[in-house]
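Some notes on the structure that comes next.
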Amino acid sequence: MEPANLFTVLRRYWRLLAACTAAALVVGYLLTPAGDAVDNGKWQCKVAITPVAGAADTVRADQVLSYAQGSAVTTAAAQKLHLTDVAALTARRTVAAESTQMLLFTTTGPTQQSCADLAAALSEATITGYAQESRKSADESIKRLRTQADAQQSQLDELQKSFSKANASDQAKLQPQLSTATTALTKTLGAIADLQNYSQTDAIQQWGSIDTKELGGSLLTSPTRGVRLALAVVLGLALGVVAALMLSRMDTRLRTRDGVEEAFNLPVVGEIPVLSRRLRRLREPLVTARPADPATEAFRSLRSTLLLTGPEALSAQFGQGGLDQDERRVRRAVEPAPVVLVMSGRSGDGRTTTVANLAAALGETGRQVLVLDCDFRQPELNAHFGLDEGPGMAELLSGEQPASLVELIRPTRVPNVALIAGGHATAYPAALVLRAAEVLALARRHADVVLIDSSPLLHANDAYDLVRHADAVLVTVMAGNVRPEEADRVSELLARTGVPVAGVALLGAEVATGRRNRSPRLRPGRPGGRAPLGPAPERAELPRAAAAAGAGAGAQRPERPEPPEPSRAEHQRAADTRRREPVYGEGGRSEGADRRGRAASWGRRPAELPPEEPVETTLQLRLGEER
């Protein structure tokens, strides 16, 4: 993966990276001691304790182990080392019986000296303390034996007096008692002597020297909390990067220009950057609300691409801001307005946003745009233009209300853009498009361009029924919203209709890197494969198309011969017609001669003539009067 693509993936999954980093910080904070604690596990020391020579019979290992594990030894060692935290000192030492005649102390410390000092202090405290305990116990035994020896001495003295006063026969009887008393007293005095010798010497001793070695550090034993948390951030980011790359590999949704062109087998004719939440909440098209925004320039680029590469009916239309109403009706009678259907495969692909902004961009070129909201399930175009709900296409197609198309055209605050809202659909939405051909034939006579917003193609059949009445189709795709199999299905359905597809508008586009195949490849075996673009203009028509793209920037239109001066009857008919036509102006106001004088109006075919019959234009009337 190239570095630019890696950064794109990380930017897409930045929430996952933040979550992994935060989780690592929390775990590192909870698992490490508070404050800038020292690393007490860097060094390890061991020291062994055994009975002295000749004391193995009198020293019991279990008694020594019980005494060494007690708090008296740790307290004595802390006092020797001038430490006050006895609990922390207890956590740094362990003691266990290696054998029946050996105890092993294991201590840890931040430095070799501190570790060795703790081991020596514990060893000395154990030897000294156990010797004191042994001496105290021996003194108590000696005191008890001396009392016993005094009693035995008194008894022996009484027997000796009796033995000296008795005759020979009685002395023979007292001799065994005298010998027994003497033996008992001798034994007691011997025990007292042994205990006195035992209390004057140590019963246990240190075996050998202290064994020290250095241990490796870890995240949990780092010297400071700051270092530990920094390491936790690094580990969390590494985990987040790995998780983001795995999710990116498993996510097959289309996000880049190359992926969209390959999946749809259609060219991407416009790339719209990601819109912020504040811009998406605007109740007017971005083209008019933020004229200098990068997304606005992207919509203008999409408009120019459609004008240059779209169908001939669209590319041949020039800005007609300087024409009067009669001249507009003449042109629309000869060249009906092209119909562009904007559709998408799924909901949430930015279809309605594209329709609103594309209409505003076309209005900048002087074209009068009529927008039809044919999304009868979720009509939202009125909100994009800042209009309230009202009757619209649903009532017009169903025939529930005897309203004409002209009465339903609502002016917007966007220059040269009018709207017929979705209305309130009471019937099944798919049945409403049965009269679409008749309604669109009328709509073509009231604008220079007709834009249609439809339902998602893969969720409803409305858009597929409207395709055959359109001159061109524009597909919208939101980056990360469509999968390749869904794109392939949309491309297959469009291929069956035979309607020219202008291309794909990619919203929320990501920058693609690397070498790109600029010409879409037709997949072998695909039914109905076709060239994705609409009919291209001939070489002689290129200047005409270029003039159409620059009409909004003040490009010069080709000169036309001046028409003859109209008669008074023609002026009267034109005035009557203007009073019946829907007037569109800035600000969305519906009445006032000032507005009619400032804004362009919408031409209308006479209501008394059916759509199929030719319209007698003003130019034809003039020619007839001259003849």
Side-chain angles (χ1 to χ4, degrees), residues 47-80 86 90 93-105 119-209:
V47 60
I49 298 176
T50 60
V52 298
D57 296 337
T58 58
V59 177
R60 296 177 56 183
D62 57 343
Q63 292 180 349
V64 180
L65 179 62
S66 177
Y67 178 76
Q69 291 176 341
S71 60
V73 174
T74 309
T75 303
Q79 292 177 355
K80 181 176 179 60
V86 180
T90 304
R93 69 109 173 101
T94 58
V95 59
E98 286 291 302
S99 65
T100 58
Q101 296 297 323
M102 181 177 290
L103 296 181
L104 182 64
F105 276 96
L122 290 173
S123 174
E124 182 179 352
T126 303
I127 294 173
T128 303
Y130 189 76
Q132 292 176 355
E133 291 292 331
S134 299
R135 190 176 295 111
K136 182 178 179 180
S137 178
D139 292 340
E140 293 177 355
S141 298
I142 289 173
K143 184 178 180 180
R144 179 176 52 80
L145 289 176
R146 281 179 178 176
T147 302
Q148 182 180 349
D150 292 341
Q152 291 175 349
Q153 184 66 40
S154 300
Q155 183 181 2
L156 181 60
D157 292 342
E158 291 293 335
L159 287 176
Q160 287 178 350
K161 291 179 181 180
S162 299
F163 183 79
S164 61
K165 295 178 181 180
N167 52 25
S169 59
D170 291 337
Q171 286 181 351
K173 294 179 181 179
L174 292 175
Q175 186 61 40
Q177 296 180 3
L178 184 61
S179 299
T180 302
T182 303
T183 302
L185 178 59
T186 303
K187 185 177 180 180
T188 302
L189 293 176
I192 292 174
D194 292 340
L195 287 175
Q196 288 177 345
N197 293 331
Y198 176 74
S199 64
Q200 294 177 358
T201 60
D202 294 332
I204 56 177
Q205 63 181 357
Q206 179 178 325
W207 179 263
S209 60

For the student: nearest non-hydrogen atoms of Leu159 and Ala181, plus distance: CD1-CB, 3.8 Å
Point-to-point distance, once rounded to the nearest 0.5 Å, from CZ of Arg144 to CD1 of Ile192: 9.5 Å
Side-chain heavy atoms of Thr126 within contact of Phe105, under 4.5 Å: yes
For Ala78 against Val86, the heavy-atom pair lying closest together: CB-CG2, 4.2 Å
Between CG on residue Asp150 and CD on residue Gln153, distance to nearest 0.5 Å: 8.0 Å
Nearest-0.5 Å distance that lies between atom OG in Ser162 and atom CD in Gln171: 10.5 Å
Considering all heavy atoms, the nearest Ala166-Leu174 contact: CB-CD1, 4.3 Å
Reported CG-to-CG distance for the pair Leu103 and Leu122, which is rounded to 0.5 angstrom: 12.5 Å
Residues that Glu124 engages under salt bridge (Lys or Arg N to Asp or Glu O under 4.0 Å), provided they are two or more places apart: Lys80
Evaluation steps, side-chain contact (heavy atoms from CB on, under 4.5 Å), between Leu178 and Leu156: CA-CA 7 Å; Leu178 184 61; Leu156 181 60; 3.3 Å; yes
Shortest non-hydrogen contact from Tyr130 toward Tyr67: N-CE2, 3.4 Å
Heavy-atom pair of closest approach, residues Ala149 and Leu189: CB-CD2, 4.0 Å
Gap between atom CD of Gln206 and atom CD1 of Ile127 - 0.5 Å precision: 6.0 Å
Approximate separation, where rounding is to 0.5 Å, of Lys187 NZ and Thr183 OG1: 10.0 Å
Worked check of side-chain contact (heavy atoms from CB on, under 4.5 Å) between Gln160 and Ser164: CA-CA 6 Å; Gln160 287 178 350; Ser164 61; over 6 Å; no
